Structure formats: structure tokens, C-alpha cells
Protein chains: 2
Amino acid sequence: MATIQDVAQLAGVSKATVSHVINDTRPVTPATRQVVLDAIAQLNYRPSAIARSLNTNVTHTIGVLVADITNPFFSGLVRGVERQLSLQGYNLIVCNTDEDPEQEARYLDLLLAKRVDGLIVAPSGAAQPLFQQFSAYNTPLVFVDRHPDKPYGPVIEIDNFAAGYEATKHLIRWGHRRIAILSRNPTLSTARGRISGYSKALQAHGLDVDETLIQVTGITLEAAVTNALRLLDRPDRPTAVVTTNHIMTLALLRALRERNLDCPTDISLVGFDDHPWASLFTPPLTVIRMSISDLSNAAVGTLLRAIECRTQGQGGDLSAECTPDVVLPAELVVRASCAPPASPAGPTVRRASLPT
Amino acid sequence: MATIQDVAQLAGVSKATVSHVINDTRPVTPATRQVVLDAIAQLNYRPSAIARSLNTNVTHTIGVLVADITNPFFSGLVRGVERQLSLQGYNLIVCNTDEDPEQEARYLDLLLAKRVDGLIVAPSGAAQPLFQQFSAYNTPLVFVDRHPDKPYGPVIEIDNFAAGYEATKHLIRWGHRRIAILSRNPTLSTARGRISGYSKALQAHGLDVDETLIQVTGITLEAAVTNALRLLDRPDRPTAVVTTNHIMTLALLRALRERNLDCPTDISLVGFDDHPWASLFTPPLTVIRMSISDLSNAAVGTLLRAIECRTQGQGGDLSAECTPDVVLPAELVVRASCAPPASPAGPTVRRASLPT
DNA sequence: CTGTTAGCGCGTTCAA
DNA sequence: TTGAACGCGCTAACAG
């Protein structure tokens, strides 16, 4: 592949001139500029981003670490992030971790080596010493959707507590008293928030929190189905379930089908994540919807701002000021997957006692 | 960030020795090796992949160009590719093109500048002069799922013709005579193959091909819904539809709901792509299933082989021999979304006349 | 307005 | 077994 040297030679000028023509970084006579451009075209020359990065210390590359790009939530996130960043001339290295801390660490190491300009992470929840490296090396880190216990950077997330609270409240209003929740492990900040919103809603309405109705599981559909079946096979089967992501929702639906139970007749359901098929199900699914594009826009905005801050204020903690955490709202979308419990319910909750 | 120089200085050795310790590329005394390793650990040193790439001419980075990572088919593909490549020490730059030829071109240019080691592309179908650049620069190109008219590299795809044929044949066997197809534009090789399989199946069973029953559309759900409604609103409404990807399937389902029609009573359906929710629908969906992991494995395998070939045989066309095209099978998964046509059908097709 | 020179951080000859 | 010197392709000082 042709180098800048080849171009310079063919055009009969110096490398510097070629460089300045390309980057428009110093005045060049129209005549010589044209000669250079011709040479470039003739040789099909393309500047090496590698060599350029080596002495500018900028790669125009952002790393994105997510658990599972197959999950529509994350693929939507990656897409949103990609779209925003490509507009700004950045591109993306996508890393799928399967929530495996080791894989996560491997990728962090690699991204460090690649000298990415920044990182957007939906972490597994495990402690990652390498996170600190990034901030030590002045490479901004933004956490999205989830965050580790000690975030080394701004956190962009939805209000998981409120979402869990609203979902549960909705079921309580329908008269349900035995409400289960199917969730990811509470090692994830999202699961923690949603479960505590669920618990708080129960308590606020005078209902006991039955720990055995809180079923947590790993990332696979199969594991979630097992947990869902466990719920359905109880003698005191719950009359309603909150499923905290789309995998859990699918798992519950599959379990219902296996046990020949009907939604909402036998079980009412409030899910999370409003995918295109959610409204096409029989019955259409009541879900908590969050704006994935808002989430990705906020993440990208925050990251780019952090990159800006970095170049200016050399003092480490200054960046924290210009990149605050962001908490986005989530909304309840009411459809037909909720109904009153079939079995005689307890006393209807008085409306007056409902919190706002 | 610490450089190899810093490490050498701290360890009291030369840069060369540090380099050889890191890459294990020449014998080093255990003692000095340890000293070097200590220095590396102490400084938290990480070799710069940039500098390394500059003189090895290898980036260990692969570009993946897809239309829409939000589409479960492509996200599955990206995931499979990512998994395989990370095992081999490569990582991925993901590029979302939205099937916009200009965006596609922009990304190709960028990947060229980044000097990726190879490229996996699901192209938009438009002519891309830059494809030729890659092969000219000896950077292997693999086309997956789709291919342009003049592929500049091996093509990995499923047998779209057979898939379209089987889907249609299945509906014919149920006694349908007015069968429509909802498809992407025939600029895509996949759409062309599926539609011609559909047409051929009709002809092979003595049915006429009604061009107006072939509805083609762009990538968006909205556009597909419009086309689906157009089909449903005909006076001679088709009794069955083949939907050639998951967007088309969702579009048809949404249109059915809007028109208050039932599947399979009013319309039988064979879709493409077997996503987790397909079997949970009411009714469960009959679909053409393809193995995304087979597809991505074949793509990665072929690409890595091409990279190998490249380093060995310098002669351009040699690579074509060690990286043949791959055509993978697709299978029909029979579920409940097909039934005999409600209106009095034409004469039942005689089984004996069915092709194998 | 243009050319010369010196690195960026690393791998890799060639000597020792 | 080790070190010194050169170059990968480019940008950025400094001269002219």
C-alpha cells in the first residue's frame, strides 16, 4: 500500500506538504495542492490511521463492553451508540462478555492495548481492577444500564427502583396479593434496584415480602424457565409475576405454555422491555418501557464530554464535574396481560392508601 | 502511560530484551526475565498495539459490516463471529450501515485506514468500488448472508432458493392456491433467491405466478406493514403468505391484528428466522430456520483461512482455491400457523405430482 | 508557502 | 544471551 512518502515523491513535494494537504492544517498553494491530490488519487493512497495514532495519541475508537449483543436491549444500545459515534467520526470495537468476568478482563486488557479513546461498559458486576487502570491512564469510562459497586466513571441508567415499584403497584391495583418476581441475580445493579422497588411496593401496600417468591437466575433462557416452572408448580401458586427483562418474560411465557396455564386468566404479567413482538402476543404484554436511544445518547454525550474534559483540565477529578450521572425514567405501558386474580382475592386495596 | 523504554530503564536492560521477554521470541535468562516482568508489573506497562501494528503490519482486528445490528439475525451473526474471533485473539470493529450505500462506503474507507486484517460483509447490494481496494491491498473480504453482483471474495450463505421453495411448497400442500410473498427488495441476493424459489414452487405445482402477490419493501417495519395491509385489503385476498424475514413476519402479524384477521383461520403463514418468541406466539409460527452459528463459523473459518493464504501465496488468485464459497441448508420447522384455506379451495394437489 | 528533521513505541536486524 | 541502531508511516517542530 502506498505511503505518504510515495505520494510526496510522485507529486514532487515533501511529506510535510502532503500531510498538510490531507489534514488542511497549514496553507498550501492551490497549484501544489492539486498536484498532491492527483498523486493521492493516482496511487489510491489512504493515510494509515495506525501511524497517525502513534503520534497523535488519539485513535478515534471507542470500546463497548456488553454482556450479550444478542439481547435486543443491548443490541439496541450498541446500535444507538454506534450511530451517534459514527456521526462524530468515531468507530466502535464491540466486546461481548457473556458476563464472564474473565472474558471481561481479557477484553479490557485488549482495549487498553489498543489505546481506545474511551469506553462504554455494561459491566458484569464483578470487581474489575482494570477499570482503575483506565482512569489512571486518563481514558474516560462510562457505565451504562448497570454499574459496579465502585464506579470509576459516570453512570447512565434508568430508575430501576421506580420501574420495579410501578410494575408491582400495577399488579397490586388489579387485586393481586401473591406476586412473584423473576429476575437476574442481584449482583447486577439493575436487578437489585428492580427487586427492591418490588419489595417496597409490596410493603407500602401492606403486603408481606415472601423471599421464596423472588426467583433470581443467570443469563440463559433455560435457567429462567426452570425458575419460572418452580414458581408455577408451587401449591400456593402466585397469581401475578413481574419479569425483569425480556429473557425472563419469554421464560415465563414458555413455562405457562408447558403447564397449560393462561395469561392473564391464571397468571397476570408485567414484563420489562417493550420489543416489537410484545404488543403482538396473545394477550398483548403490559411492560415497563425504557428509551434505549435516550440511554445510548446520554452515554455517548457523557463520554464525549469526558474526552473533552480530559484534554483540557489535566486534574483528574475535574472531569467528575462535567460528567454527572444520569438517571432516565421508565414508563409503564398498559396492555392486556393483567387481570384480577381468578381465586378469591383478599380485600381490595383502598385507593386512598396508594402512594403517588 | 509507560513505554517499553521506561520498562527497560527500570529493569536495567535494553528495549530489545524487554520486547523479547514479552513476545517470547528469543531465549532470555530466567533471572533477567524476572527482572523485566517485575518492572512491567510495577509500571503497569501494557505494550501499545498501535506501535506494534505499525511495524508488523498486522492489527488483529476484523471489520464487520452489517445492515442493522438490531435485527436479531445480524446480532446473532455478529455475536457468533465475535465469539470465534476472540478465541483466535482477534477483535471486532462493528459497522452498522442501515443499508445506506454512502454510510457503507464511509465505513469501508475507515476500515481501510485502520488497516483491518480482514472484513466480513453483509452488503447493501449497491456497487462498492472500495471492495476492490481491499482485495487490491491484499485484505481478505468475506461476504456473508448476502453478496453483491461481483463478489470480491468468498460468499457464505444459505440456500435461499431452496428455502423459498420449501416454504411455498408447504403452503401448497395445505391446499393453498393464492399465496403471497412479503419480501425485501430484490436488490438483495437473499430476496432474489427466496422469491425465485417461491415462483418456481408455484410453477412446479401448476400455479400461476401473480406478480402483484409479490410485495417487496425496504428495511423498516412500517413500510412492511403498509405492504402487508395492501395484501390483506385485496378483494381476492391471498389465503397464505410467506414472510421472508422476521421484520416481514412481525409486519404481517401486526397487519392481521389491525384488520382483525386470524392466523391460521384466515391466513396461513410461513415465516423466516426461528427466534425464541416464534414458538410462543398464538399460534406458534411455522418458519424456515437457519443456523446462525453455522453461518458465522463458516464466515470466520473462511476469513482466517484467507488471511493464512494471503501471507503464504503472494499470487492474488491463489486464495480463491483455499476459500471456496459455502452454501448452508435451511430447514422448515412445522408449527401451527398453517391450515387449509377457509374459502373453498381449488382441486387438491395430487401428492404424486409433488416434487421431492 | 515549503522542506528538513526528529520523534511517537515498538519489532528486528546485526554485532558483540 | 544481550545491546545498539534502524525503520514502520505519520505529525509537528523549526528553519528557510
Side-chain angles (χ1 to χ4, degrees), chain A residues 1-37 39-40 43-61 109-110 112-117 137-139 311, chain B residues 1-37 39-40 43-61 89 110 112-117 137-139 311:
Chain A
M1 182 166 317
T3 76
I4 200 174
Q5 177 70 300
D6 302 330
V7 175
Q9 211 162 323
L10 180 61
V13 298
S14 73
K15 294 189 303 176
T17 303
V18 177
S19 174
H20 286 124
V21 166
I22 292 170
N23 301 310
D24 204 29
T25 177
R26 142 174 130 177
V28 175
T29 303
T32 58
R33 145 166 283 129
Q34 195 53 51
V35 176
V36 170
L37 289 177
I40 288 178
L43 294 173
N44 258 317
Y45 168 71
R46 244 154 252 290
S48 159
I50 315 243
R52 183 176 292 179
S53 290
L54 188 59
N55 57 1
T56 55
N57 258 326
V58 172
T59 54
H60 284 291
T61 301
D109 195 66
L110 202 144
L112 221 39
K114 290 256 182 197
R115 305 294 195 263
V116 291
D117 292 343
Y137 292 158
N138 217 7
T139 302
T311 59
Chain B
M1 183 166 320
T3 76
I4 201 173
Q5 178 71 300
D6 302 329
V7 176
Q9 210 161 325
L10 179 60
V13 299
S14 73
K15 296 187 302 178
T17 303
V18 177
S19 173
H20 287 124
V21 166
I22 291 170
N23 302 310
D24 205 28
T25 177
R26 141 174 132 178
V28 174
T29 305
T32 57
R33 146 165 283 130
Q34 194 54 49
V35 176
V36 170
L37 291 178
I40 287 177
L43 293 174
N44 258 318
Y45 168 71
R46 244 155 254 287
S48 159
I50 315 246
R52 185 176 290 180
S53 290
L54 187 59
N55 59 359
T56 56
N57 257 325
V58 172
T59 55
H60 284 290
T61 301
L110 202 145
L112 220 40
K114 290 256 181 198
R115 305 293 196 262
V116 292
D117 292 343
Y137 292 159
N138 218 6
T139 301
T311 59

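Since we're looking at a predicted model, the values are computed, not measured. Side chains are part of it too, since the values below use all heavy atoms of this structure and drop only hydrogens, waters and symmetry mates. Every chain is numbered from 1 and lettered A, B, ... according to where its sequence line falls, protein lines coming before strand lines.
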Show the nearest heavy-atom pair for residues Val35(A) and Ala11(A), with the distance to one decimal. CG1-O, 3.5 Å

Polar side-chain atom of Thr61(B) near backbone of Thr59(B) as donor-acceptor pair, under 3.5 Å: yes

The side chain to side chain contact (heavy atoms under 4.5 Å, CB included) partner of Ile40(B) among Val7(B), Leu10(B), Ile4(B) is Val7(B)

Residues in contact with DNA chain D, drawn from residues 18-35 of chain A - heavy-atom cutoff 4.0 Å: Ser19(A), Asn23(A), Arg26(A)

Identify, between Gly12(A) and Ala51(B), the residue whose nearest nucleotide on DNA chain C lies closer to the 5' end. Gly12(A)

Atom CE of Met1(A) and atom P of dC8(D): how far apart are they, to the nearest Å? 15 Å

Euclidean distance, Leu54(A) CG relative to Arg115(A) CZ, rounded to 0.5 Å: 10.0 Å

Starting from P on dG9(D), measure out to NZ on Lys15(A) and report it in whole angstrom. 10 Å

For Asn57(B) and Thr17(B), find the nucleotide of DNA chain D closest to each by heavy atoms; which residue's nucleotide sits nearer the 5' end? Thr17(B)

Starting at CD1 of Ile4(B) and ending at P of dG3(D), how long is that distance when rounded to a whole Å? 12 Å

If you compare all heavy atoms of Thr32(B) against all heavy atoms of Thr29(B), which two are closest, and at what distance to 0.1 Å? OG1-O, 2.9 Å

Lys114(A) and His60(B): which non-hydrogen atoms are nearest, and at how many Å? NZ-O, 4.1 Å

What is the distance from CG of Leu54(B) to P of dC10(D), rounded to the nearest Å? 9 Å

Outer limits of DNA chain C sitting under 4.0 Å from a non-hydrogen atom of chain A, read 5' to 3', are dC1(C) to dG9(C)

Here the distance between atom C1' of dC10(D) and atom NZ of Lys114(B), to the nearest Å, is 15 Å

Axial bend angle, the helix from dC1(C)-dG16(D) to dA16(C)-dT1(D): five-pair end segments, nearest 10°: 40°

Just the rounded figure in Å: distance from P of dC8(D) to CZ of Arg52(A). 18 Å

Nearest 0.5 Å, please: how far is CG in Leu37(B) from CZ in Arg33(B)? 6.5 Å

Euclidean distance, atom CD of residue Gln5(A) to atom C1' of dT11(D) [Å, nearest integer]: 14 Å

Roughly how far apart are Asp117(B) CG and Asn138(B) CG, rounded to 0.5 Å? 11.5 Å

Note: Tyr137(A) and Leu112(A) closest approach over all heavy atoms is CD1-CD1, 4.1 Å

From CD1 of Ile40(A) across to C1' of dG9(D) the rounded distance in Å is 14 Å

Going by side chain to side chain contact (heavy atoms under 4.5 Å, CB included), Tyr45(A) matches just one of Asp6(A), Ile22(A), Val36(A). Which one? Ile22(A)

Over all heavy atoms of both residues, which pair between Thr25(A) and His20(A) is shortest? Give the atoms and the distance, please. CG2-CD2, 2.6 Å

